[in-house]
Amino acid sequence: MGLKRYIFRRLLLIIPVLIGVSIIIFSLTRMAGDPAAAYINEKMNASQIADVYQKYHFNEPVYVQYFYWLNGILNLDWGWSKTATMPVTDAIAYYLPATFELALTSIIIAIIAGIALGTTSAVKKNRPFDHTTRVISLIGVSIPVFWLGLLLLLVFYAQLGLFPKGGRYSDIFILTGVTKNLVTGFMTVDSLIMGNLNFFADVIWHLILPAVTLSFSSIALILRMQRNSMLEVLHLDYIKTARAKGVPERAVIRKHARRNALIPTTTVVGLAFGGLLSGAVLTESIFQWPGLGRWSAKSILRMDTASILGFCLLIAFIYVIANLVVDIMYAYLDPRVKLG
Amino acid sequence: MEGSAPAAKKRGMSKKLLAVIVVAVLLIAAIAAAVLVLGNQGKSEQADNWLDKGFNLEIFYNSGNTARQTACELIKSGLESLNPGKIKITVTPLEWSNYLEYRKTGKMAAMFLGWAPDYADPDDYLQPFYLSGGTYASMIGYNNATLDAMIAAAAAELDDTQRAALYKEISMDMYEECIYVWTAQANNFAAQRNWVEGYAYNPMYSNLYYYSLSKTEAAADTTTFRYASIDGNAESFDPVVDYETVGGELLQNVYETLVWYNGTSSSDLIPMLATEVPTIENGGISADGLTYTFNIRSGVEFSDGTPMTAEDVKYSFDRGLMYNDPHGPFWMYGQVLIPDYYNYGMATFTDAGVMQPEITQAMCDAAIWVVDSDTVQFNLTQPYPAFLSTLAFNAGSIVSKSYVEADGGLSKNGYTFMSTHMMGTGPFVLGDFATDAYYNLDRNDNYWREPAALAHVIISQVPEVGTRILQLQNGDVDAAAIPRDKKTTLEAMEGVVLRTGSPSFNVDFLGLNQKLNLTGANPDLTNVPSDFFADKNVRLAFAHAFKYSTYIENTLQGTALQPNGAIPKGMFGYSADVPIYDYNLEKAKEYLKAAKLPAGTSSASALDEVVAAIARFEL
């Protein structure tokens, strides 16, 4: 009961957050340049340009424009995304699954690798394994993602031919009409709905390289966080007690230490996942991934304000939810934490 | 002795006084001499021209365009070397949204830009560049009533020989006037695998015309053509709305027009959905140049099997004219088919989605009518020989009336439907597509000519150029969009051929604003008067200060040529006799020297010179 009320209260808090975000972003887009730019092309004459200002209310005061926009948002008319050439709501529905699928795969890789490596490094503190992971995580956070992505593509696609050239699936599924029957936009889900295991395997095959590229910096973060928090936990009295009781070392590490060490790591995972969901421009560009990152970057470059605003609202929403999930995870991992 | 002391003191004082007076006189004389000398020097050097006076000027380009950035740097170094320290050029990148604002307010003194035509006719260059109120003419504050009349006369001239002569005359005059600095006309630049056959470059194509392409046995897959394109979506699949090249490529492969470009030639049109290209000689064009008659090819079917008739032709143009999208291309028909076309706006729709056009069906009926099922006539408001070229543009695509009518027709729903659906007579049909990912075209097996050699085309969007290069190198794509600066990489790549050498119709130029808006201008960046570029000598100096050969050979890797004016090489009306400006700093100096400062504001006054001289003294 307490949890339900807590979640409800937190969800209510989203509203002022979104209003705040929208006011800031709206003001910024109106300050940064001419919002009409996205609707005007080189070949239009003066009267046609004037019509654009009229139609989109660009010649009215900013606060009036804001209310026109807010009214649209509430009526589920988020405007037209010139960049995606579809309504902003459709664009979000189109890009979000692609990004979500990639982010989820990548965070799963990061969690598994990060926690395993972090835990082991803590146990083998200052031994060669620990030094190796330290170097790996240092490289992980400092390597430019576009360089890593291109390198992986060069080696695993161009040289070894182990992975595909990019995109979400192979051309053959386009030519055989499989891709005309997509339902959700989550390719892994759609392929299973269709019962097409070849397609499913192909989708996973396409996910790996971009997901690994994207997971690299998260692995480093999670690894370091888990290592430090493990080190702290391993010095606590209850661990000593467990060992004194004669609990096998494996069980001490897995059951007693690791679970408790996960609490601070969860925060990092939550934030990292939020970050991955807001799109990864460079990874998406290198691997031809039709995701939120590319959409938002292109929208910003062409001053497509409807898209920018829709994207920012979505990201604010995702972050609020991610934080909420992290808080709930706390309660699950640590019974002492009371929500409410 | 008592009295002698003051006397001696007095003597001593007068001696001192004398010394002071002498020193003072000497000093005054020295200052006077200095002022005189320096003043004279100032006078002998007094600048009455822009070369000696010098100036600060800001030159703009659209941010991200590295070639144009280099162009800016080149003219900067040329101009600054004319009078080092006194001429200061600042190069400024502009985002599109800011560029628009600057352009609207006339705040750009000089800017590098490029123009690509809509239809292959010189009028599509002279209108924007020189006609009063034209896109660029208005941007640089240029108008010339005599020239306007010449442009109108040339556009309406029915005799080709005379028309060409008129364009040559205009080009010669404009060479003398030097309104713009023409920096480059790019050549085509296409990277393909060597198993691709049948490639013919036409400057009016939107990228590739897949009908002529095929693949040899050397390719692993000979039936599917894969193209790695840059990032970007088609605006719309509707020919009356789409006005960019991504959509243009789809339109030109799925739809067909009445007349079409002949291979690599864009001026020599061939009949496509018409049985012949109308001329005055064959009676297709009336003697007054106002009525165009097209006999429609019989036996042509849309890809769904419905026959294409004159009704479809009329319907295709009617639905574009009535919709009249201001962002779209239909102005090119409206301007010659609808009287006072520019008084009419875009159609509106009722809440129920019923169209309320400003250009009515009756107005369309007065311009286009079906004579019989195989014949359609167009009635122009003025003679306009470029009309045939406009019909070859994608906007003139013939859509299936029955297909559109089955899905909303001329209503809000109908237009929305057509933005994502295509039904044409062309060699390909639209297959699957995904935003930011790919477009797939499949062969139209019901095609009225020999079906295409390729069974499928996949145009995938690959934003990262490094990925595109890898894909081309691996042979996973047959062609890829790769920028010119990668020329050497491509040349070294095995199995890859570069198709280059034919001029495109894209011209790059430096616009010189003759009516500069100086409101809020920073004198450190721009301190010239608003009519700085109204002086022909200044413009000529700029034209001679640009290192054309460096730009073309180094920056554009030799894949361009220097234009001699607005009308590009290969276009009807181009004349090789029109000279080009050379990079010649001596000439540039002469012209800038001949560019006199406006009276009154000329150089610094004599008093300023003295103040300046004293200031230098103090330093």
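In what follows, every chain begins at residue 1, and chains take the letters A, B, ... in the order their sequences are listed.
- Both the backbone and the side chain of B:Asp432 come within contact range of chain A, each with at least one heavy atom under 4.5 Å from a heavy atom of that chain.
- Comparing B:Thr224, B:Thr420, B:Asp231 by heavy-atom pairs within less than 4.5 Å of chain A, the highest count is held by B:Asp231.
- Of the residues considered (B:Ile458, B:Val465, B:Asn440), B:Ile458 shows the highest number of contacts with chain A, using heavy-atom pairs under 4.5 Å.
- Counting only heavy atoms from C-beta outward, the side chains of B:Glu464 and A:Gln288 never approach each other to under 4.5 Å.
- Residues B:Tyr438 and A:Asp171 bring no donor and acceptor atom of their side chains to less than 3.5 Å of each other.
- The minimum heavy-atom distance between B:Gly232 and A:Lys298, with the atom names listed, is N-NZ, 4.4 Å.
- To the nearest 0.5 Å, atoms CZ (B:Arg468) and CD1 (A:Ile286) are separated by 12.0 Å.
- Interface residue B:Ala234: only backbone heavy atoms are found under 4.5 Å from chain A.
- For the options A:Lys180, A:Met86, A:Lys82, heavy-atom pairs under 4.5 Å to chain B are most numerous at A:Lys180.
- Contact between B:Gln471 and A:Lys165 at its shortest, heavy atoms only, is NE2-O, 3.2 Å.
- Interatomic distance, B:Ile469 CD1 to A:Leu154 CG, rounded to the nearest 0.5 Å: 11.5 Å.
- Residue B:Arg226 touches chain A through its side chain alone, counting heavy-atom pairs closer than 4.5 Å.
- Ranked by heavy-atom pairs shorter than 4.5 Å toward chain A, the options B:Thr467, B:Val477, B:Asn474 are led by B:Asn474.
- Of the possible polar contacts, none joining the A:Ser285 side chain to the B:Pro463 backbone as a donor-acceptor pair under 3.5 Å is found.
- Both the backbone and the side chain of B:Leu470 come within less than 4.5 Å of a heavy atom of chain A.
- Applying the 6.0 Å contact sphere to CH2 of A:Trp147 captures no more than 12 heavy atoms from other residues, nucleotides or ligands.
- The two residues A:Tyr94 and B:Thr435 make their nearest non-hydrogen contact at OH-O, 2.5 Å.
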Verdict with supporting geometry, B:Asp436 and A:Trp289, side chain to side chain contact (heavy atoms under 4.5 Å, CB included):
CA-CA 8 Å; B:Asp436 275 8; A:Trp289 208 262; over 6 Å; no
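- Annotation: maximal heavy-atom pairing with chain B below 4.5 Å, among A:Leu175, A:Leu182, A:Leu282, occurs at A:Leu175.
- With no hydrogens or angles considered, no side-chain donor-acceptor pair links B:Asn233 and A:Thr85 at under 3.5 Å.
- Applying the 6.0 Å contact sphere to OH of A:Tyr169 captures more than 12 heavy atoms from other residues, nucleotides or ligands.
- Within 6.0 Å of CD on B:Glu358 lie more than 12 heavy atoms contributed by other residues, nucleotides or ligands.
- The two residues A:Pro290 and B:Ala437 come nearest to each other via the heavy atoms CG-CB, 4.3 Å.
- Using a 4.5 Å cut-off between heavy atoms, A:Phe146 makes no contact with chain B at all.
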